[in-house]
Amino acid sequence: MPFSGQDAKGFQWEGFSSGAPSQNSPPKPKKPRKAVKSPVTRVLINLAVTLAVGLVYFYVNLPPINLQAPEFHTFVLLLCVIYCGCAVLTSGFQGQGVKGYFQFLKRQCLVPVAAAVLSLLLCIGGSVVGSVIFRAKDYAQLLPIQVGDFAAEVDEISYDQIPMLDRQSAERLGDRKLGELSDMVSQFDVVNDYTQINYRGRPVRIATLTYMDLIKWFTNRSDGLPAYLLIDMVTQNVELVRLEEGIKYTNVEHFGRNLYRHLRFHFPTYLFAQPVMEIDEEGVPYWICPRLVRTIGLFGGTDVKGAVLVNAITGECVYYEQVPDWVDNLYPAGLIVQQYDYYGMYHNGFLNSLFGQRDVTVTTDDYNYIAMGDDVWVYTGVTSIGGDQSNIGFILTNQRTKESHFYSCAGATEHSAMDSAEGMLQNLKYKATFPLLLNVGGQPTYFMAMKDNAQLVKKYAMVNVRQYQVVATGDTVAECEQNYLSMLSQNGIVESGTGLAGTETVEGAVAEIRSAVMEGNSYYFIRLIGGDVFYSVCAADQPLAVIVSPGDQVSITFHPGRESILSGVSLERK
């Protein structure tokens with residue numbers, strides 16, 4: 001018997017059921033969205049949602065309320081998009097296609113759309129007006145350069161003031177020091193900022209602590225961070241400075257005590273560079289927060305105009321257009337290098353930087369810090385745009401005042417000098433740290449620590465900038481200096497007898513002699529009657545040390561310092 005749709009009880013077949021549409025039936029009209037009836041209510045809802053989203057975004061991302069900040073324009077565009085999206089939902093938008101959307105925006109979102117367009121026009125116009133294509137001369141003048149005489153302006157430094165640690169070695173010492181403290185190692189960790197400063201006439205690095213995790217933060221936050229680390233870059237001594245009241249405002253804190261949030265709520269319109277930790281002469285920790293300004297167009301010509309100093313313990317904020325003398329890090333090193341690159345590229349105009357390239361120079365790949373007086377100076381080499389392996393000179397810039405000096409000195413780049421020093425000790429496979437620039441015997445000289453695979457300093461090296469084949473090494477800085485001066489004399493670079501400032505001579509009777517073999521050389525440690533300091537003398541350099549006996553009258557020339565063992569330069573028997 002044939003089967004029909006009417007015989008299938010309980011089944012409905014499309015096209016046969018009276019309530020089902022056929023395949024050729026037109027689609028049902030889309031159900032219109034229901035709009036909020038009152039226009040005032042719609043606007044209030046849109047504003048409330050936009051304000052709520054904006055407050056959350058501002059609290060999390062902390063954009064400065066400043067037309068010179070790209071983040072501010074992003075914030076404005078976000079608020080406009082949120083408002084328009086809410087308007088679509090609350091107005092029951094019925095438009096069709098692109099034309100319908102434009103008509104809707106014209107009726108319901110004229111103000112936010114106008115604000116978004118104005119913000120975009122400002123960004124485009126401000127970028128064009130501040131473009132280096134049109135303002136090359138202004139960019140070249142951001143860093144005023146004085147041409148100087150290196151030997152006359154840069155004093156020779158005593159060996160007991162030369163930083164012997166680089167940042168990596170300082171980090172290693174800091175981590176080791178914290179690991180020795182049982183009451184802290186399970187609760188805190190070291191933040192790897194290690195800012196270099198001058199503290200009481202000594203080059204040091206300071207490092208702050210952070211909480212190990214969120215639980216440790218929750219259990220310790222009421223007392224704050226109890227200490228900071230101070231690493232002497234000369235003696236390599238690491239001191240954990242404990243505080244009576246803990247540090248409560250840091251860049252790793254949460255909520256209102258987070259340094260960035262604390263700054264933004266107190267100075268909502270300021271642009272800031274990366275804050276750095278310093279201590280004043282009494283050892284009180286402060287955050288130095290340089291204020292940035294744009295001096296060319298809307299976004300170009302970044303420079304520093306004063307700083308906000310934040311007491312890391314109390315959170316007190318004070319803005320200084322002229323910072324106190326103890327502040328060392330006002331101008332970030334990266335900004336200084338960028339401004340010199342603008343000068344080197346564009347001081348003869350933008351077109352010259354592309355085509356003729358007359359006198360176009362750039363800084364070398366890295367930079368270092370030099371302590372001079374009570375300030376920290378940034379050092380970097382200057383080379384031609386061709387990228388050859390030689391420098392035409394170098395610049396020194398004061399990080400507090402931005403005073404900048406260019407010293408003409410054709411010679412090796414820093415990395416070439418590092419290769420030269422490593423070549424002298426290639427059998428030991430030591431690696432050179434990025435060099436410091438020193439005045440040794442009136443000569444610009446690269447100074448490097450030589451480290452083994454465990455990142456421990458084993459030797460020191462000095463390389464002449466002008467003649468980088470003149471390389472001297474030594475187990476101590478004093479020995480390295482003496483060997484270097486001898487090589488300068490032998491190569492006719494300086495007159496015989498030229499020495500470093502700061503050596504002293506002592507005479508007396510020998511009270512005690514001890515000896516030790518270090519790096520294959522015999523050293524004799526001599527203490528005079530009435531003294532408690534030992535003078536180390538290398539037998540390879542001073543053979544007389546082998547036959548000196550207790551009771552002999554001797555004269556020892558040495559480099560002064562605070563240590564209990566001082567490096568002897570020469571030994572004579574009376």
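Between atom OH of residue Y83 and atom CD1 of residue I45 there is a gap of 10.5 Å, rounded to the nearest 0.5 Å. Interatomic distance, L396 CG to L437 CG, rounded to the nearest 0.5 Å: 6.0 Å. To the nearest 0.5 angstrom, D303 atom CG is 6.5 Å from L335 atom CG. Taken to the nearest 0.5 Å, the CG atom of L214 stands 9.5 Å off from the OG1 atom of T219. Taking OH of Y369 as the start and CD of Q196 as the end, the distance is 7.5 Å to the nearest 0.5 Å. In this structure, the separation between CD on Q187 and CG on D223 is 11.0 Å, given to the nearest 0.5 Å.
Considering only heavy atoms from C-beta on, P290 comes within 4.5 Å of V304 through its side chain. Counting only heavy atoms from C-beta outward, the side chains of V238 and L240 never approach each other to under 4.5 Å. Counting only heavy atoms from C-beta outward, the side chains of Q399 and L330 never approach each other to under 4.5 Å. With a 4.5 Å cut-off on side-chain heavy atoms, P435 and M418 count as touching. With a 4.5 Å cut-off on side-chain heavy atoms, R221 and H254 do not count as touching. Residues V310 and C289 meet the side-chain proximity criterion, which asks for heavy atoms closer than 4.5 Å. A heavy-atom distance below 4.5 Å is not found between the side chains of L209 and V191. The shortest distance between side-chain heavy atoms of T210 and T250 does not fall below 4.5 Å.
Within 6.0 Å of CD in Q322 there are 12 or fewer heavy atoms belonging to other residues, nucleotides or ligands. The number of heavy-atom neighbours closer than 6.0 Å to NZ of K431, taken from other residues, nucleotides and ligands shown, is 12 or below. Within a 6.0 Å radius of CZ in F218, no more than 12 heavy atoms belonging to other residues, nucleotides or ligands are found.
A pairwise comparison of heavy atoms in Y331 and T401 identifies CE1-C, 4.0 Å as the closest pair. Minimum interatomic distance between T269 and I65 (heavy atoms only, all atoms of both residues): CG2-O, 3.5 Å. Counting all heavy atoms, side chain and backbone alike, C317 lies closest to V308 at CB-CG1, 4.1 Å. Summarising the geometry of V190 relative to G174, their closest heavy-atom pair is CG2-O, 4.2 Å, with the distance given to 0.1 Å. Taking each heavy atom of K248 and G224 in turn, the nearest pair found is CG-CA, 4.2 Å. Contact record, Y367 with T380: CB-CB, 4.0 Å, taken as the closest heavy-atom pair.
Residues W287 and Y260 place their aromatic rings such that the two centres sit no closer than 6.0 Å. Taking the centre of each ring, Y340 and Y343 come in below the 6.0 Å mark.
Under a 3.5 Å cut-off, the side chain of R261 and the backbone N or O of F255 do form a donor-acceptor pair. Side-chain atoms of D280 come within 3.5 Å of backbone atoms of V284 as a donor-acceptor pair (strictly under, hydrogens ignored). Under a 3.5 Å cut-off, the side chain of R167 and the backbone N or O of N192 do form a donor-acceptor pair. Between the side chain of R358 and the backbone N or O of N348, no donor-acceptor pair lies under 3.5 Å. Using modelled atom types, one side-chain atom of T295 and one backbone atom of G301 make a donor-acceptor pair closer than 3.5 Å. For the pair T413 (side chain) and N391 (backbone), a donor-acceptor distance under 3.5 Å is absent.
Looking at Q357 and N352, their side chains never bring a donor and an acceptor atom within 3.5 Å of each other. Under 3.5 Å, the side chains of Y286 and E316 contain no donor-acceptor pair of N or O atoms. Inspection of the S169 and K451 side chains reveals an N or O donor paired with an N or O acceptor under 3.5 Å. Residues D341 and T363 have side chains that bring a donor and an acceptor to within less than 3.5 angstrom of each other. Using modelled atom types and a 3.5 Å distance limit, the side chains of T195 and R205 yield no donor-acceptor pair. N398 and D375 share a side-chain donor-acceptor pair at under 3.5 Å.
With a 6.0 Å cutoff to the six-membered ring centre and a 45° limit on the axis angle, R291 counts as a cation-pi contact of Y319.
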For residues 114-143, run the donor-acceptor check on the side chains, cut-off 3.5 Å, and write out each pair with its distance to 0.1 Å, sequence neighbours left out.
from, atom 1, to, atom 2, distance (Å)
S119, OG, H73, ND1, 2.8
S127, OG, C123, O, 2.7
S131, OG, I133, N, 3.2
R135, NE, D138, OD2, 2.6
R135, NH1, V129, O, 3.4
R135, NH2, D138, OD2, 3.1
K137, NZ, H347, O, 2.9
Y139, OH, G130, O, 2.6

May I have the list of side-chain donor-acceptor pairs in residues 52-63 shorter than 3.5 Å, sequence neighbours left out?
from, atom 1, to, atom 2, distance (Å)
N61, ND2, Y57, O, 3.4

Could you check I288 against N329 for side-chain contact (heavy atoms from CB on, under 4.5 Å), going step by step and ending with a plain yes or no? CA-CA 7 Å; I288 312 302; N329 290 270; 5.5 Å; no

When you look at I279 and L230, which way does the side-chain contact (heavy atoms from CB on, under 4.5 Å) test go after all the steps? CA-CA 10 Å; I279 53 178; L230 208 60; 3.9 Å; yes

side-chain contact (heavy atoms from CB on, under 4.5 Å) between E414 and Y379: does it pass, once the steps are laid out? CA-CA 11 Å; E414 297 89 340; Y379 150 77; 2.8 Å; yes

Let me see the working for T208 and D193 under side-chain hydrogen bond (donor to acceptor under 3.5 Å, both in side chains), right down to the final yes or no. CA-CA 7 Å; T208 55; D193 42 19; 3.1 Å; yes

Take V362 and V382 through the side-chain contact (heavy atoms from CB on, under 4.5 Å) test and state the conclusion after the steps. CA-CA 6 Å; V362 293; V382 176; over 6 Å; no

Candidate pair W326 and E278, rule side-chain hydrogen bond (donor to acceptor under 3.5 Å, both in side chains), full reasoning: CA-CA 9 Å; W326 59 264; E278 291 197 34; over 6 Å; no

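Ionic pairing of D328 and R400 is not present here: no N-O contact between side-chain nitrogen and carboxylate oxygen is shorter than 4.0 angstrom.
By the ring pair (Phe, Tyr, Trp, His ring centres under 6.0 Å) test, F267 pairs with Y270, sequence neighbours left out.
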